[in-house]
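Report on the following structure.
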Amino acid sequence: MTELKESMKKARARLKKRHAAETRFKAFGIGALAFAFLCVVMLFTSIISNGYTGFRQTYVQIDVFMDEGIIDPKGDRDEKALRSADYAKIVRQSLYDKFPEVTARRDKRTLANLVSSSAVYDLRDMVLANQAVIGQNLSVWVMASDEVDMLVKDVFKRDEPENTRPITNMEIAWVEKLEAENRVETRFNTNFFVAGDSREPEQAGIRGALIGSALTMLVTLALSFPLGVMAAIYLEEFAPKNKFTHIVEVNINNLAAVPSIVFGLLGLAIFLNLFGMPRSAPIAGGFVLALMTLPTIIIASRAALKSIPPSIMEAAIGVGASKMQAVFHHQLPLALPGILTGTIIGMAQALGETAPLLMIGMVAFIADVPGTPFDPATVLPVQVYLWADSPERAFVEKTSAAIMVLLGFLITMNALAVLLRKKLERRW
Amino acid sequence: MQTTIFTFTVLLLALIGYYMGRSRAVSTVGGDIRKLHSLPRHYGYFVAIWCGVPALVLCVLWTLFEPQIVNSLVLSGVSSLDPDASSAVVSRVLSDIKFLALNGTGRGADDPSMIAAAAHYSHLKSVGTASLAVAVIAFSIIGLVIGRRRIGAELKARNQVEDIIRLVLLASSIVAILTTIGIVASLLFEAIRFFGKVPFTDFLFGLEWSPQIALRKDQVASQGSFGAVPIFAGTLLISFIAMCVAVPVGLLSAIYMSEYATPKVRAFGKPMLEILAGIPTVVYGFFAALVVAPHIRNIGDSWGIDVSSESALAAGLVMGVMIIPFVSSLSDDVIRAVPQSLRDGSYALGGTKSETVLNVILPAALPGIVGGVMLAISRAIGETMIVVMAAGLTANLTANPLQAVTTATVQMVTLLVGDQEFDSPKTLAAFALGLVLFCVTLCLNVVALRVVAKYREKYD
Amino acid sequence: MKPMTKENAIDIDNSLHINNEMTKPDVTSMKIPADQVKIKAEDVRVRYGDKEALFGINLDIPKSKVTSFIGPSGCGKSTFLRCINRMNDTIDNCSVSGQIHMDGVDILSKQVDTVLLRAKIGMVFQKPNPFPKSIYDNVAYGPRLHGLATSKSEMDEVVETSLEKVGLLKEVKDRLLEPGTGLSGGQQQRLCIARAIAVDPEILLMDEPCSALDPIATAKIEELIDELRGSYTIVIVTHSMQQAARVSQQTAFFHLGNLVEYGETEQIFTSPEDERTKGYITGRFG
């Protein structure tokens, strides 16, 4: 008994140290988790705080005189002439009239840049819609330029010294005069959702990228879903256990871990150069992303098929169904929720993918909204990349806003996958 | 567009075939379908397959190879084309010809051989389309007739249809193999061309990387140099920084989640890590360039250290954050696979949780964790967008994480975005880098997947 | 598991005397002289989530003897065994109430440090669970945790005597550095027993230690249990009534979370008082 006591004493002596080590280790674990959480929070706050203003746009009210001498000097109301008239002059004139004290040439040029160049198109559209406006004095709301927009949204600070801020005191004075006359307001930025890309931040929108993404995803889904499910069915239900099958399986697992940019090289060399697919087109992008998503769908579908108990198959075969019938009548419908979940997750990955699409030229500046999968297009994440590369400060908020839209889609898709799994997946 | 019309025509014929096959099968047995070997619809499928599949295969082959054949035929007639003209010139001439054929005017309208080529092109196109139409329709009608003829009560329609479906299933699973072959082939093909221009050893061991080739032909002196060592070093530096973040944080959070966390904490922690995993890399890249890099620079400034605005540290840190969920979920899997009996054994001897984790669980799970970390490394060196947006462009052989370095993926993007000329080493160099990247990641993946599989077998 | 500080720790080693007023008579419990009682359970209840697994167990376990728990599967015998060294703490939704006194201290109390407690109460599991380490490291694991050996030679001695005690030393003497998982099932189980006694516990809990072993290995373990009886208080859960009859001096019969009958092994097997015990022993259910 005394000997026992001796050993216990030793153990007791170490106890404090051991518990301290335990607490320390646990704290490391909590710290790791907290770090990850902090990263999520920082990422989201920085994106949202930069991006929420992107959904609003500043408008300025200007008084324009629709001078017939400028719009239609010949007076024959020829539509071609009306279309190509120098509306910019009207806009400029309206601003010069508003601020008659501005006389220096350089200042006048700055003044003309107070409103977006899209004002010109607004006026043109007004004239084309209703020729009666020619010769009249109108008061119209037009988009402010990106710098004014930044100033009104308080991104450019008025109280900063002039030499550190991108907008001059003079311009601020103009904006403040307009503000005093209630000629400045911010509205919901519908333009952001209906316009294509533009070099001018205030005119740039994500419509083109959204449609491009949708077309690309359509091609990806149309290819990878049937191929993936069929491959999974073959490997899970029909493949003999031989060397070839083993190679296919190993190959699929490895393909899932190949860097995405390598798929881009494949697309460039095979789809573009060998098969002559159009550059920058959603069809090529869809093919590349389909190959990239294929392993994800195959692996998820196989798991879903595997989870179905063999008794179902045995029952079907027992009443005289062929194996093929048993698979298509029973296994596949039962596995469908799992397959769909995997597919949605794979599509979400594809939707966020950028690198391979850079390789096949979906990174060009494309202002038009694509109509078919064969038109040049860009996709949402590439649009993010392009805008992030632009030097104008106003593109930061556009980028962040586009990211918010992208994340919105991804979160919706993932939530859908989770919901599907919870609602439809059966536990055997 | 024509192929779409053909496809629909064939599908329509196949549908007709289905109903014809069905009704013929029923009528051969006088309506008593019990006498048939298979169900009536199997006979329908049978005829539809005979009718549709050969014709559709023809359509696909045509779309794949028609452009190449037509292009080479047309180009052979253009006398003004230098036989060893670069691919860029060839493709420009081609597009000129196509434009001419379509609009009747354009560049080269004054060159008779070009006009002839344009006419030749239009001619080939129309002849090709017409012959395809005839061939496709003939194929499907012949198929329909053959299929219908073979129908009889004895025909094992279901078995034949199932055999074909099985073949289609097999073919789909081969797509994955074809993808790998395609990757290897395209990388090898272009990389070999690159090594024809730049010696292999220069590429692998050269210390200087400046791929910007001379703009004019006479600028021989400014031939770019393609020593990839600085690029490999930069890739490794950024990956190393990323692993320094991802491995401890990922592993510790996995341990905490599986061994310590209450179900409530787990229910919060797991989705959080999943969110981190679901964020597109381009968003991480934006975050790195917009938030992290300026921050690190400011901190460096306040300590009087000169930090590059595209420092390896910023890109590496953010990449590490991106890989945290990857490491954590892989580690979580392997830690969970360690049998509970080992934990019990340790607890029963009076081990604390941390002692059990460090002395029993981690050693037992080590192979799996090593495999997971290898997969994570492979992911880090293949990651593109974060480094494209936050790391530097110029190759810089340094181990200083505060300076700008470049990576293989960044170079691939900069070399291939914009004008591509498939006979200049500049463009081909991207494929050589891609080949190296693919080989390294493949080795890591194969070994890692094998290690993890072996590990799983042990505890299954 | 709450970390323990010196202040609130109840000194479970320094309380050798037994508090007499705690030995209340009990219907199912047999009378054991108070100074012979090593473990005294009072109204131990266990629930997993909403499911109750033990309905108030009262039981005295005597010192330096073998006590066996028998009963059909799911009767709670293993659950009760795991209460004695607080292994149930490691299960998330398991809650234990009541008191288990060891040498007069309630080991279910929150203040008791489970780490130290488990050093005093060793446990051997159903399936042999050697760590994936060398034989030597397996045995040395416990002493290292608790710092029982100060030098390499001291550790060698602890390992050797432990292996000697379980009769394994001769068999593995020249391969001490090979992995413990490479041994046969019976050897692995004896290794696990050696691992448990290397920390010099007072009590050894065995949860169906032979259920995964063949008859020859089982015989060896049973022999070993008999030898160890002198130095340790042993509690063994077993499915085999023959085993209970062979190795134990006391037997407790559990049924559906209740302790039905507890007494001298011979008496339980020859003249059980309860119908249920009789039914189980004669093989009418179980």
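Each chain gets a letter, A, B and so on, in the order its sequence line appears, and its residues count up from 1.
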Q.
If you apply the rule side-chain contact (heavy atoms from CB on, under 4.5 Å), what do you find for B:Y347 with C:V115, and how did you get there?
A. CA-CA 8 Å; B:Y347 293 144; C:V115 168; over 6 Å; no
Side chain / backbone / both / neither for [X] at chain B, heavy atoms under 4.5 Å:
X	answer
C:R82	side chain
C:P128	neither
C:I121	backbone

Q.
Using modelled atom types and a 3.5 Å cut-off, is there a donor and acceptor pairing between side-chain atoms of C:K133 and backbone atoms of B:N359?
A. yes
Q. If you round to the nearest 0.5 Å, how far is OG1 of C:T114 from NZ of B:K353?
A. 10.0 Å
Q | Contact origin within B:T262 toward chain C - heavy atom pairs under 4.5 Å | A | neither
**Q.** Closest contact, heavy atoms only, B:T356 versus C:Y141
**A.** CA-OH, 3.9 Å
So [Y] and [X], do their side chains get closer than 4.5 Å, heavy atoms only?
X	Y	result
C:L145	B:T352	no
C:M87	B:D344	yes
C:F131	B:L349	yes

Q) When C:P132 is tested against each of B:V338, B:L366, B:L342 for side-chain contact (heavy atoms from CB on, under 4.5 Å), which residue passes? A) B:L342
